[in-house]
Amino acid sequence: MNLKQHTYINKDITDADVLYEDNHLIAINKRAGDIVQVDETGDEPLDEKVKRYIAAKYNKPNGAFLGVVHRLDRPVSGVILFAKTSKALDRINKMFKNREMHKTYFAITRQQPQPPAGNLVHWLVKNSQKNVTKAHDKEVQGSLRSELNYKLVGQRDGYSVIEVDPITGRPHQIRVQLSTLGCPIVGDNKYGYPRGSLRKSICLHARRLKFIHPVKNEPIEIVASLPKDGFWDKFEDLIP
């Protein structure tokens, strides 16, 4: 068995993975290790799995429309939303641009954040060749302003559980900003944790997504259950 086979298991989407669905939208509880869209690895992306799920469920032999409206890093788990119609895709894209989509994440770190709650602002520069983002304290050429709020919600067995509410949505934002705070996420050796995970996962979970439905104009709150991996389970009672 080679390393790729050992670290990534390709699984189809089932009803159990669907957090919310109507005629316009579908939300999935993404597994850590799944990529959202095709990349150089050649692994089947999540959007193709969801298309196949919809096509099979609704008997669409010519396939199903699916629009990607946001992304989660490959090692991150949790709620991810797709559009099932072009109208919903256009409206949701505008909502993300206007910061009308409210996301809540939970991260597990070894270090306790100091102060235990606060607001972080950095200017991030992504190196696309190395797929790594660097945080700067002030604006530099090519940087994007990045902001989040965080608070410590609990501690157990030497680990800290941190709630994160990103105000902007930048590549690797939560990972690099928490690392800059001195709190690299467990398993995230790209951003300072001493060792990585064989499961291609880090302890960052997109827990909640709140927004006004783009077509029905009603409030929607989608909550993604924590991974059942023997580690997250220890902190379940600390995470609202």
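These numbers come from a predicted model, not from an experiment.
F106 and I28 end up in different hydrophobic clusters when Ile, Leu, Val, Met, Phe, Trp and Tyr side chains are linked at under 4.5 Å. Side-chain heavy atoms closer than 4.5 Å link hydrophobic residues (I, L, V, M, F, W, Y) into clusters, and following such links, even through other members, never connects I239 to V164. Under the 4.5 Å side-chain heavy-atom criterion for grouping Ile, Leu, Val, Met, Phe, Trp and Tyr, L226 is connected to Y159 within one hydrophobic cluster. Hydrophobic clustering of Ile, Leu, Val, Met, Phe, Trp and Tyr side chains at less than 4.5 Å, counting indirect connections, keeps Y193 apart from I185. Linking ILVMFWY side-chain heavy atoms closer than 4.5 Å, directly or via other members, places V79 and V18 in two distinct hydrophobic clusters.
Side-chain contact between I222 and R208: absent, with no pair of heavy atoms (C-beta onward) separated by less than 4.5 Å. The shortest side-chain heavy-atom distance between K134 and V176 does not fall under the 4.5 Å cut-off. Looking at heavy atoms from C-beta onward, R52 lies in side-chain contact with E44 at the 4.5 angstrom threshold.
Partners of H205 by ring pair (Phe, Tyr, Trp, His ring centres under 6.0 Å), not counting sequence neighbours, listed by chain and number: W232. Looking at residues two or more places apart in sequence or on another chain, you find no ring pair (Phe, Tyr, Trp, His ring centres under 6.0 Å) involving H136. Not counting sequence neighbours, the partners of H102 by the side-chain contact (heavy atoms from CB on, under 4.5 Å) test are K210.
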Passes ring-ring contact (aromatic ring centres under 6.0 Å, His included), Y58 versus Y53? Steps please. CA-CA 9 Å; Y58 298 104; Y53 168 83; 7.8 Å; no

Show, in sequence, the C-alpha distance, side-chain angles and deciding distance for K57 and E21, and conclude whether the salt bridge (charged side-chain N to carboxylate O under 4.0 Å, His left out) test is met. CA-CA 12 Å; K57 183 175 180 178; E21 186 183 8; 2.9 Å; yes

Audit row: Q177, H122, side-chain hydrogen bond (donor to acceptor under 3.5 Å, both in side chains) steps and yes/no: CA-CA 7 Å; Q177 287 196 274; H122 294 96; 2.8 Å; yes

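Remark: the backbone N or O of T133 is paired with a side-chain donor or acceptor of Y191 at under 3.5 angstrom. In this structure, the side chain of N93 engages the main chain of L89 through a donor-acceptor pair within 3.5 Å. At least one donor-acceptor pair closer than 3.5 Å links the side chain of K30 to the backbone N or O of V76.
A donor atom on one side chain and an acceptor atom on the other are not found under 3.5 Å apart for E147 and T168. Remark: the N29 side chain and the D17 side chain contain no N/O donor-acceptor pair separated by less than 3.5 Å.
K190 approaches V132 most closely through the heavy-atom pair CG-CG2, 4.2 Å.
Between D237 and R156, at least one side-chain nitrogen of the basic residue sits less than 4.0 Å from a carboxylate oxygen of the acidic one, meeting the salt-bridge criterion. With salt bridges taken as basic N to acidic carboxylate O contacts below 4.0 Å, none links K151 and D165.
Note: F96 and F211 fail the aromatic proximity criterion, with ring centroids not under 6.0 Å apart.
When K11, R74, K49 are each tested for a side chain to side chain donor-acceptor pair (under 3.5 Å) with D34, only one passes: K49.
Remark: R207 is not positioned above the aromatic ring of Y105, lacking an NZ or CZ atom under 6.0 angstrom from the ring centre and at most 45 degrees off the axis.
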